[in-house]
> 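Below you'll find the structure I mean.
Remember, predicted model here, so these are calculated numbers, not experimental data. Reminder, nothing fancy here: chain letters follow the sequence lines and each chain counts from 1.
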Amino acid sequence: MPDEVVTRFAPSPTGFLHIGGARTALFNWLFARHAGGKMLLRIEDTDRERSTDAAIAAILDGLKWLGLDWDGEAIYQSRRADRHREVAEQLLAAGKAYYCYASPEELDEMRAKARAEGRPPRYDGRWRDRSPAEAPPGIKPVIRLKAPQTGETVLEDKVQGRVAWANENLDDLVLLRSDGTPTYMLAVVVDDRDMGITQIIRGDDHLTNAARQMQIYQALDWQVPAMAHIPLIHGTDGAKLSKRHGALGIDAYRAMGYLPAALRNYLVRLGWSHGDTEFFTTEAMIESFDLAHIGRSPARFDFSKLENMNGHYIRASREEDLVAALVETWPHLPDRDDLPKALDASMQKKLLAAMPGLKERAKTLAELRDGAAFLFAERPLALDAQAADILNSGGRDHVARLLPRLADLREWTSAATEAAVRAYAEETNLKLGQVAQPLRAALTGRATSPGIFDVLRVLGREESLGRLADQAH
RNA sequence: GCGCCCAUCGUCUAGCGGUCCAGGACGUUGCCCUUUCACGGCAAAAACAGGGGUUCGAGUCCCCUUGGGCGCGCCA
């Protein structure tokens with residue numbers, strides 16, 4: 001099937017998978033899945049100095065966590081150097097490339113001069129038509145592309161529209177370094193060609209590269225894949241994403257307790273829209289996704305919207321799934337010394353029982369875990385400042401008087417405890433809140449929690465009465 | 001410096017010449033619900049960067065200005 005859509009995600013493993021990369025991967029994945037095609041993964045590790053195995057692992061891990069699967073095995077660019085070299089030689093033989101013996105010092109001079117004269121800093125083509133016979137001794141040459149010097153290179157970008165560059169502003173780029181290794185420009189073109197990529201979707205920062213890569217395609221007489229350059233994601237201040245505001249590894253989002261589905265949903269709406277629709281199931285996302293509705297302006301990353309979406313996803317999740325997500329994410333979440341390091345079976349059971357009340361109140365898994373802290377707390381409970389205040393300003397009396405009534409209850413259900421507590425409130429002419437708060441403080445050590453009768457039920461008779469007794473005086 | 005890209009509420013965006021005194025979402029504010037906190041419901045404030053054109057008519061097309069961004073390596 002020659003018409004099959006093939007996209008690729010091609011990160012360079014010099015760092016973690018950041019949020020922009022994750023969105024690029026998502027768009028490639030959606031485009032491929034929408035078309036019933038493939039998304040391939042290529043690790044661009046030709047910079048052997050800066051590429052690390054740890055970064056590769058982090059990227060693969062991040063993609064998996066996000067739920068973005070790729071087709072086939074990941075391709076490592078570094079292992080294809082022979083093929084890249086072969087293409088460079090091919091270009092050389094065809095007279096479309098040439099040896100250049102300019103030294104780094106010469107190049108520096110050239111650029112400085114051009115800049116001083118208000119021209120773009122570029123190679124001046126001094127070896128373009130010179131015979132290698134004139135080569136200075138002892139210098140290993142690079143191979144440069146003999147790029148067109150007149151006319152223009154035009155890209156019909158699927159997102160940016162028609163973009164044109166005057167060829168005189170583009171210099172003869174290096175294809176093969178003097179040590180015989182291929183440059184990124186060459187490697188990308190050859191790999192995309194060999195992998196059968198039909199659609200390139202990547203960050204806007206590659207737009208200028210597109211022109212140079214098109215020149216390589218044209219020299220080779222290869223068909224240029226369709227291209228789509230998507231706008232970058234900026235920090236909240238509009239500037240480039242930095243560590244301070246959001247240029248975090250994808251693992252950091254997991255550690256903050258975001259759900260992969262929520263992050264995907266947030267990310268897809270950053271730069272892409274489908275009318276007024278904000279929430280998409282995975283299926284709907286694949287179904288609706290298109291390049292035509294990707295905007296052309298950069299978007300700012302907004303944590304509060306992500307958080308809101310995440311809360312929505314948590315509320316919509318099944319209780320069992322949340323327990324599973326929490327168990328899985330537990331080790332990644334920030335530490336809290338009053339919480340167990342891991343969740344054993346009985347804790348998971350309690351968690352499941354409490355989940356309906358808990359999930360309404362959490363925007364992240366971290367908050368969910370925090371909200372569940374009272375389940376795991378050991379007697380006598382540590383009270384936070386507000387809880388202590390509630391108990392110390394008369395609350396203990398209510399707890400003390402309520403204790404025997406609750407202890408006498410025949411059955412321990414939400415309905416039964418509620419009836420008892422309401423009866424007490426009525427008899428003493430108090431609002432329910434005035435008795436519920438002391439109970440909450442004694443039962444959870446905090447001033448906020450799920451509904452108090454749920455708390456009583458989930459904690460169970462023995463533990464509840466124990467905690468109340470602890471605070472009765 | 002040169003090249004390229006971008007420009008609607010604080011933020012993400014809808015809008016593809018008239019249906020826009022500009023719609024949705026997040027956030028903000030107020031009210032309601034209520035045992036706390038949330039959730040939920042209702043309501044409000046909040047934008048077409050500026051200036052020229054084109055046109056009967058411009059947020060929508062063109063130009064300029066301003067403001068942002070990206071790129072300019074024998075990095076990727």
> OP1 or OP2 of B:G27 less than 4.0 angstrom from a side-chain nitrogen or oxygen of A:Asn308, does that happen here?
yes
> Taking B:G41 as the reference, what is the distance to B:A49 when you measure between their P atoms (whole Å, please)?
32 Å
> Whole Å only: how far is the CD1 atom of A:Ile230 from the P atom of B:C5?
18 Å
> Can you tell me, in whole Å, how much space there is between the P of B:G23 and that of B:C48?
13 Å
> What is the separation between atom CD on A:Glu152 and atom C1' on B:C4, rounded to the nearest whole Å?
13 Å
> Please report the distance separating the P of B:C6 from the corresponding atom of B:U28, rounded so that it comes out in whole Å.
33 Å
> Can you tell me which residue among A:Arg122, A:Lys146, A:Arg128 is in a salt bridge (Lys or Arg N to Asp or Glu O under 4.0 Å) with A:Asp172?
A:Arg128
> Is a side-chain donor-acceptor pair under 3.5 Å present for A:Thr282 with A:Arg264?
yes
> Are A:Thr208 and B:C70 close enough that a side-chain N or O sits under 4.0 Å from OP1 or OP2?
no
> Provide the Watson-Crick or G-U wobble partner of B:U19, both distances under 3.5 Å; none if there is no partner.
none
> What's the closest nucleotide to the side chain of A:Ser12 if the choices are B:C5, B:A76, B:G27?
B:A76
> Between B:C61 and B:U54, how far apart are the C1' atoms? Round to whole Å, please.
8 Å
> So does A:Arg144 get a side-chain nitrogen or oxygen closer than 4.0 Å to the phosphate oxygens (OP1/OP2) of B:C74?
yes
> Any donor-acceptor pair, under 3.5 Å, between the side chain of A:Lys363 and the base of B:A38, if you only look at N and O atoms?
no
> Base, sugar-phosphate, or nothing for A:Asn209, non-hydrogen atoms under 4.0 angstrom?
base
> Would you tell me whether A:Gln471 and A:Arg396 have side-chain atoms, one donor and one acceptor, within less than 3.5 Å of each other?
yes
> Starting at atom NZ of A:Lys305, determine the distance to atom P of B:U28, rounded to an integer number of angstrom.
14 Å
> Ring centroid separation for A:Trp127 and A:Tyr98, is it under 6.0 angstrom?
no
> Go through B:G69, B:C6, B:U35 for me and flag the one nearest to the A:Ile452 side chain.
B:U35
> Apply side chain to side chain contact (heavy atoms under 4.5 Å, CB included) to residues A:Arg361 and A:Glu367 and explain how you reach the verdict.
CA-CA 8 Å; A:Arg361 295 166 170 76; A:Glu367 287 182 13; over 6 Å; no
> Which nucleotide, if any, forms a Watson-Crick or G-U wobble pair with B:C33, using both distances under 3.5 Å?
none
> Does B:A76 have OP1 or OP2 under 4.0 Å away from a side-chain N or O of A:Thr46?
yes
> Which nucleotide wins on minimum distance to the side chain of A:Asp205, given the candidates B:C70, B:C6, B:G10?
B:C70
> Are A:Lys140 and B:C74 close enough that a side-chain N or O sits under 4.0 Å from OP1 or OP2?
no
> Using both distances under 3.5 Å as the test, list the Watson-Crick or G-U wobble partner of B:C4, or none.
B:G69
> At 4.0 Å (heavy atoms only), tell me whether A:Thr448 reaches a base, stays on the sugar-phosphate, or touches nothing.
base
> Identify whether any heavy atom of A:Ala299 sits under 4.0 Å from a base atom; if not, whether one sits that close to sugar-phosphate; answer base, sugar-phosphate or nothing.
sugar-phosphate
> Salt-bridged, A:Glu463 to A:Lys350, with N to O below 4.0 Å?
no
> Looking at every strand, decide which applies to A:Gly271 at a 4.0 Å heavy-atom threshold: base, sugar-phosphate, or nothing.
sugar-phosphate
> A quick test of your reading: do over 12 heavy atoms of other residues, nucleotides or ligands sit less than 6.0 Å from CG of A:Asp179?
yes
> Could you say whether A:Glu418 or A:Phe279 is positioned toward the 5' end of RNA chain B, judged by the nucleotide with the nearest heavy atom to each?
A:Phe279
> Taking B:C4 as the reference, what is the distance to B:U60 when you measure between their C1' atoms (whole Å, please)?
24 Å
> Inspect the surroundings of CD in A:Gln90 and state if more than 12 heavy atoms from other residues, nucleotides or ligands are less than 6.0 Å away.
yes
> Reckon A:Glu278 touches a base, only the sugar-phosphate, or nothing at all at heavy-atom distances under 4.0 Å?
base
> Which is true for A:Ala210 with a 4.0 Å heavy-atom rule: it touches a base, it touches only sugar-phosphate, or it touches nothing?
nothing
> Categorize A:Ser449 for me: base, sugar-phosphate, or nothing, with a 4.0 angstrom heavy-atom threshold over every strand shown.
base
> What is the distance, rounded to the nearest whole Å, between atom OH of A:Tyr266 and atom C1' of B:G27?
12 Å
> Taking only Lys NZ, Arg NE, NH1 and NH2, and the carboxylate oxygens of Asp or Glu, determine whether A:Arg8 and A:Asp191 approach each other closer than 4.0 Å.
no
> Remember a base hit wins even if backbone is also touched, and classify A:Met309 as base, sugar-phosphate or nothing at under 4.0 Å, heavy atoms.
nothing
> Just compare B:G73, B:U35, B:U11 and give me whichever is closest to any side-chain atom of A:Arg111.
B:G73
> So what's B:A44 paired with, Watson-Crick or G-U wobble, going by both distances under 3.5 Å?
B:U28
> Which nucleotide wins on minimum distance to the side chain of A:His293, given the candidates B:A76, B:C74, B:G15?
B:G15
> Heavy atoms under 4.0 Å, any strand shown: does A:Ser273 hit a base, just sugar-phosphate, or nothing?
sugar-phosphate
> In whole angstrom, give me the gap between the P atoms of B:A58 and B:G18.
11 Å
> Can you tell which of B:C26, B:G3, B:G40 lies closest to the side chain of A:Arg315?
B:G40
> Of the nucleotides B:C4, B:C70, B:G24, which has the atom closest to the A:Leu232 side chain?
B:C70
> Between A:Leu176 and A:Ala164, just flag the one whose closest nucleotide in RNA chain B comes earlier from the 5' side.
A:Ala164
> According to side-chain contact (heavy atoms from CB on, under 4.5 Å), who are the partners of A:Gln218, at least two apart in sequence or on a separate chain?
A:Met214
> P atom, B:A47 versus B:G24: distance in rounded Å?
14 Å
> Can you sort out which residues in residues 419-440 of chain A have a heavy atom within less than 4.0 Å of RNA chain B? Ascending by number, please.
A:Arg422, A:Leu432, A:Gly433, A:Ala436, A:Gln437, A:Arg440
> Roughly how many Å apart are B:C31 and B:C9, using the P atom of each and rounding to a whole number?
29 Å
> Can A:Arg296 and A:Asp157 be counted as an ion pair, charged N to O under 4.0 angstrom?
no
> Tell me which nucleotide among B:C74, B:U13, B:G24 gets nearest to the side chain of A:Val142.
B:C74
> A:Asp276 has a side chain; which of B:A14, B:A7, B:C12 sits nearest to it?
B:A14
> Please step through side-chain hydrogen bond (donor to acceptor under 3.5 Å, both in side chains) for the pair A:Tyr184 and A:Asn209, ending with a clear verdict.
CA-CA 10 Å; A:Tyr184 165 77; A:Asn209 292 338; 4.5 Å; no
> Tell me what A:Pro450 touches on the nucleic acid: a base, only sugar-phosphate, or nothing, going by heavy atoms under 4.0 Å.
base
> Check every atom of B:G69, B:G24, B:G3 against the side chain of A:Arg269 and return the nucleotide holding the closest atom.
B:G24
> Without decimals, in angstroms, what is the distance between A:Arg361 CZ and B:U35 C1'?
10 Å
> Given that both distances must come in under 3.5 Å, which nucleotide forms a Watson-Crick or G-U wobble pair with B:A58?
none
